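Beneath this line is the structure, given in structure tokens, with notes to follow.
Bear in mind that the values here come from a model prediction, so they are computed numbers and not experimental data. Residue indices begin at 1 and follow the sequence shown.
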Amino acid sequence: FSAGSSSETPMIFGSELDTTVEASIALALTILPLLLGIWLPPFLALALGLGAAVLYAVVAQIAFGRGLILPVVVPLVGLSIALAGSLVVHYLTASVERAQTRDLFSRFVPDSVVAQVLERADSEDDVRLGGELLTATVLFRDLAGFTSFAESREPAEVIGVLNRYLTEMSDAILDHDGTLVAYMGDGIMAVFGAPIASVD
């Protein structure tokens, strides 16, 4: 305000935007981190979101210098909350996917091998689908005379024997760091030394 009597008109520093325009700006800056989080890796999305916040603050300052008042607090708070929320959602989703992958593979692969595979996948940008040359041992095993045995027994007895046999074999294979590849009736296929190489 200029000095003088109280009846003088105050100086106007700038004009404010319409409420709808302010809400649109706040909404756009809030949605931006969510879109970045969908399409980009989390740290890149965070960097771009912070860059957008700094850029908007600079634009608001320049606009203020030219007589236009842009909203600052609400859009930047919305952008910050959206950035934090998108990061939390990303890491929760990654944790759930990692746990599901571990549960899936632990049925066929020893826990130590699962841990190594997940660690290697985390350290690489992508998991290679191509072949890899390894020295490994492949085991094929089945029950001798099982067909004749199954033909002369009740189905419940056959299934009971088969379940017990496959359970014992699976446990033995996993206990020796083998990877279960397939069940084929009374047959079982396993690999030792893959997908993680083994010295023995």
Side-chain angles (χ1 to χ4, degrees), residues 31-50 81-200:
I31 291 176
L32 178 65
L34 304 178
L35 297 177
L36 292 175
I38 292 173
W39 293 318
L40 300 173
F43 290 111
L44 181 57
L46 176 63
L48 290 178
L50 293 176
I81 292 174
L83 270 178
S86 63
L87 287 176
V88 169
V89 168
H90 172 79
Y91 283 110
L92 287 177
T93 303
S95 297
V96 170
E97 290 177 351
R98 187 181 180 90
Q100 290 176 340
T101 301
R102 180 179 292 277
D103 290 342
L104 176 64
F105 282 107
S106 62
R107 301 176 189 174
F108 307 100
V109 181
D111 289 337
S112 59
V113 175
V114 175
Q116 291 180 61
V117 170
L118 291 177
E119 181 180 340
R120 188 167 67 181
D122 288 341
S123 63
E124 298 178 2
D125 292 335
D126 59 342
V127 179
R128 290 176 297 170
L129 298 179
E132 185 175 354
L133 183 62
L134 292 172
T135 300
T137 299
V138 180
L139 169 71
F140 294 94
R141 180 77 165 85
D142 65 355
L143 287 171
F146 179 76
T147 302
S148 301
F149 169 82
E151 290 173 350
S152 61
R153 299 295 196 280
E154 291 296 321
E157 183 181 358
V158 174
I159 293 300
V161 170
L162 195 57
N163 284 341
R164 181 179 177 186
Y165 160 71
L166 292 177
T167 299
E168 294 285 343
M169 284 296 298
S170 300
D171 290 344
I173 290 167
L174 293 177
D175 288 344
H176 291 83
D177 295 331
T179 298
L180 291 168
V181 176
Y183 295 112
M184 301 162 287
D186 63 315
I188 191 167
M189 177 183 175
V191 176
F192 298 86
I196 301 299
S198 174
V199 294
D200 60 350

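- Separation of atoms OG (S95) and CD (Q100) is listed at 11.0 Å; rounding is to 0.5 Å.
- From L32, atom CG reaches atom CG of L48 across 8.0 Å, with rounding to the nearest 0.5 Å.
- Here the closest non-hydrogen pair linking A136 and V191 is CB-CG1, 4.1 Å.
- Remark: of the listed residues D142, V158, V161, D142 is the sole one forming a side chain to side chain contact (heavy atoms under 4.5 Å, CB included) with D186.
- To the nearest 0.5 Å, atom CG of residue L40 and atom CG of residue L46 are 11.5 Å apart.
- Closest approach of L83 to A45, counting heavy atoms only: CD2-O, 4.0 Å.
- Heavy atoms only, all atoms of each residue included: G193 and L134 are closest at O-CD1, 3.7 Å.
- By the side-chain hydrogen bond (donor to acceptor under 3.5 Å, both in side chains) test, Y91 pairs with no residue at all, sequence neighbours left out.
- Considering only residues two or more places apart in sequence or on other chains, T147 meets the side-chain hydrogen bond (donor to acceptor under 3.5 Å, both in side chains) condition with none of them.
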Atom pairs and distances, side-chain donor-acceptor, residues 164-174, under 3.5 Å, sequence neighbours left out:
from: T167; atom 1: OG1; to: N163; atom 2: O; distance (Å): 2.7
from: S170; atom 1: OG; to: L166; atom 2: O; distance (Å): 2.7
from: S170; atom 1: OG; to: Y183; atom 2: OH; distance (Å): 2.6

